[in-house]
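See structure below.
Order of listing sets the numbers, starting from 1, for every ligand and every atom in it.
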Amino acid sequence: MAEPIRVVVTGAAGQIAYSLLYSIAKGDVFGKDQPIILMLLDIPPMLPVLEGVVMELQDCALPLLRDVIPTDKVDVGFKDVDAAILVGSMPRKEGMERKDLLKANVAIFKTQGAALDQHAKKTVRGIGRAAVQSLLQSSAKVAVVDLNATCGEQCKAQLDAEFGEGNCTFIPCDVSNGDALRDAFQATVDKFGRLDIVINNAGINNEKNWEKTIQVNLTSVIKGTYLGLEHMSKEYGKEGGTIINVSSMAAFLHSPHQPVYTATKHGVIGFTRAMADASSHGEYGVRINVLCPAFVDTPLLHSVEDEDNMGKFVKFKDDFKRSMTKFGVLQPSLIAEGMMRLIMDSSLNGAVMKITCSKGIHFHTYEPMSA
Ligand SMILES: NC(=O)C1=CN([C@@H]2O[C@H](COP(=O)(O)OP(=O)(O)OC[C@H]3O[C@@H](n4cnc5c(N)ncnc54)[C@H](O)[C@@H]3O)[C@@H](O)[C@H]2O)C=CC1
Ligand SMILES: CCCCCC(=O)CC\C=C/C=C/C=C/[C@@H](O)[C@@H](O)CCCC(=O)O
């Protein structure tokens, strides 16, 4: 089971929050596999009401609810939170002008925004960021390769602060540019002296520019695998290693709103399984496995709302969102846990790891081919 996440709900003694808390606490929002610590924040006069809400939640004995902490202090409520649900605001009172209401609420949300920035966890955004965190926690030295230089530099600064300088480097690179990707691999080996683990994680969801989706989600995974072998395979005189290619449960639960994305994720599975066989037959000494997460709470997932990403398929977004509600949404930390298991378990080669809210980390098994 994943580590608990801290979720603050402001205006927690109010009616709207009251209608949300039980659903949050039982896993409807952050997934059936994600334990939660609930921080309930409201103003001082509402603390007695909050005590009652705490007792009601505790009486429900919800398996995912690890703790419920009522408070009227912003620095306590927002401390190290992974997620904030800002419900608290001033209701419109009789005779109140709209401009007065807006002015009062701007002040409230400004205070809470500042608290979020000051006290909340500088937490992960994507799956790759969670993986980097886990690798550094396991004393690996990590090269973060990403198109987004701003995010990359910010990520490096945060990781240097947490793990010390010299353990992480950021290399700006468009993985769909084969030469740039080759240079990124070489820069990594130049920096750290060797290469042992490759995670081909970059991915986009763009059904409008679907050729780009193929270049990033599939072609770059193929190229990243071949480059990884150049630096790790015994066929090149190297010492071996491991490669993880990131696919998706979209390859098992296809849907009408992302046909090319789905095709690329199918391709990643097929390529990875074939390359794992090649590595075994060719005695490369490199284990190659594929990871298929279900819905994960990252910026990519929220691109389903964007017509720029979805093109004509955006009209199917509600179907996608119904699936998210039905199957739940995972946290990046659980995907990173799966990646670490693929890295650490030396028996795994050609494995297809699936990570879902219903079954957690598990493996897909294929029917043996009949003659
Ligand atoms: N979020 C989800 O629900 C799921 C995501 N996945 C896969 O997980 C992987 C990571 O996705 P998320 O972390 O969710 O998305 P994300 O959008 O948070 O992270 C993707 C990262 O890839 C980078 N990137 C995009 N294009 C690039 C390029 N051309 N060159 C270099 N970097 C590039 C982005 O800057 C971003 O940092 C992707 O392959 C995605 O398909 C799989 C299943 C579910
Ligand atoms: C909006 C575009 C970004 C898409 C990012 C993804 O890849 C989302 C993941 C796509 C589909 C997820 C399906 C999840 C299904 C599981 O929860 C599973 O329980 C369904 C049963 C199928 C099985 O286990 O084989």
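Contacts between Gln258 and ligand 2, counted as non-hydrogen atom pairs separated by less than 4.0 Å, involve the side chain only. With a 4.0 Å heavy-atom cut-off, ligand 1 is reached by the side chain of Lys265 but not by its N, CA, C or O. Contacts between Lys354 and ligand 2, counted as non-hydrogen atom pairs separated by less than 4.0 Å, involve the side chain only. The part of Ser358 lying near ligand 2 is the side chain, judged by heavy-atom distances below 4.0 Å. At a 4.0 Å heavy-atom cut-off, ligand 1 touches Ile127 through backbone and side chain alike. The backbone and the side chain of Leu147 each have at least one atom closer than 4.0 Å to an atom of ligand 1 (non-hydrogen atoms only).
Within a 4.0 Å radius of atom 21 (C) of ligand 2, the protein has no heavy atom.
Note on ring orientation: taking the six-membered ring where Trp is involved, the planes of His364 and Phe252 are tilted (angle from 30° to 60°). Note on ring orientation: taking the six-membered ring where Trp is involved, the planes of Phe313 and Phe316 are tilted (angle from 30° to 60°).
Using a 4.0 Å heavy-atom cutoff, Ala294 is listed among the residues neighbouring ligand 1. Cys151 does not count as a contact of ligand 1, since none of its heavy atoms falls under 4.0 Å from the ligand. Heavy-atom distances between Lys212 and ligand 1 stay at or above 4.0 Å for every pair.
In terms of protein heavy atoms, atom 24 (O) of ligand 2 is closest to Met249 CE, 3.7 Å. Taking atom 11 (C) of ligand 2 as the reference point, the nearest protein heavy-atom neighbour is Ala250 N, 3.6 Å. From the protein, the heavy atom lying nearest to atom 14 (C) of ligand 2 is Ala294 CB, 3.6 Å. Remark: minimum distance from atom 18 (C) of ligand 2 to any protein heavy atom is reached at Thr356 CG2, 3.8 Å.
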Exercise. Run the numbers on Phe320 and Phe295 for ring-ring contact (aromatic ring centres under 6.0 Å, His included), then give the verdict.
Key: CA-CA 10 Å; Phe320 185 88; Phe295 303 105; 5.1 Å; yes
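Side-chain N/O atoms of Lys212 and Asn206 include no donor and acceptor closer than 3.5 Å. For the residue pair Gln186 and Arg182, no side-chain donor N or O sits within less than 3.5 Å of a side-chain acceptor on the partner.
The shortest N/O to N/O separation between Ser248 and ligand 2 falls below 3.5 Å. Where the criterion is an N or O separation shorter than 3.5 Å, residue side chain and backbone included, Asn205 fails it with respect to ligand 2. Residue Tyr261 places at least one N or O, backbone or side chain, under 3.5 Å from an N or O of ligand 1.
With hydrogens and angles disregarded, a donor-acceptor distance shorter than 3.5 Å links the side chain of Asn148 to the backbone of Thr150. Looking at Thr325, its side chain does come within 3.5 Å of a backbone N or O of Lys321 through a donor-acceptor pair.
Relative to atom 5 (C) of ligand 2, the option among Phe295, Phe327, Tyr261 with the closest non-hydrogen atom is Tyr261. When the heavy atoms of Ser247, Ala251, Ala180, Gly203 are ranked by distance to atom 20 (C) of ligand 1, first place goes to Gly203.
For Phe271 and Tyr226, the gap between ring centers is short of 6.0 Å.
Here the options are Asn200, Asn245, Asp277, Asn289, the test is side chain to side chain donor-acceptor pair (under 3.5 Å), and the partner is Thr272; only Asn245 passes.
Near Ile204, the atoms of ligand 1 lying under 4.0 angstrom from a non-hydrogen atom of the residue are 25 (C), 26 (N).
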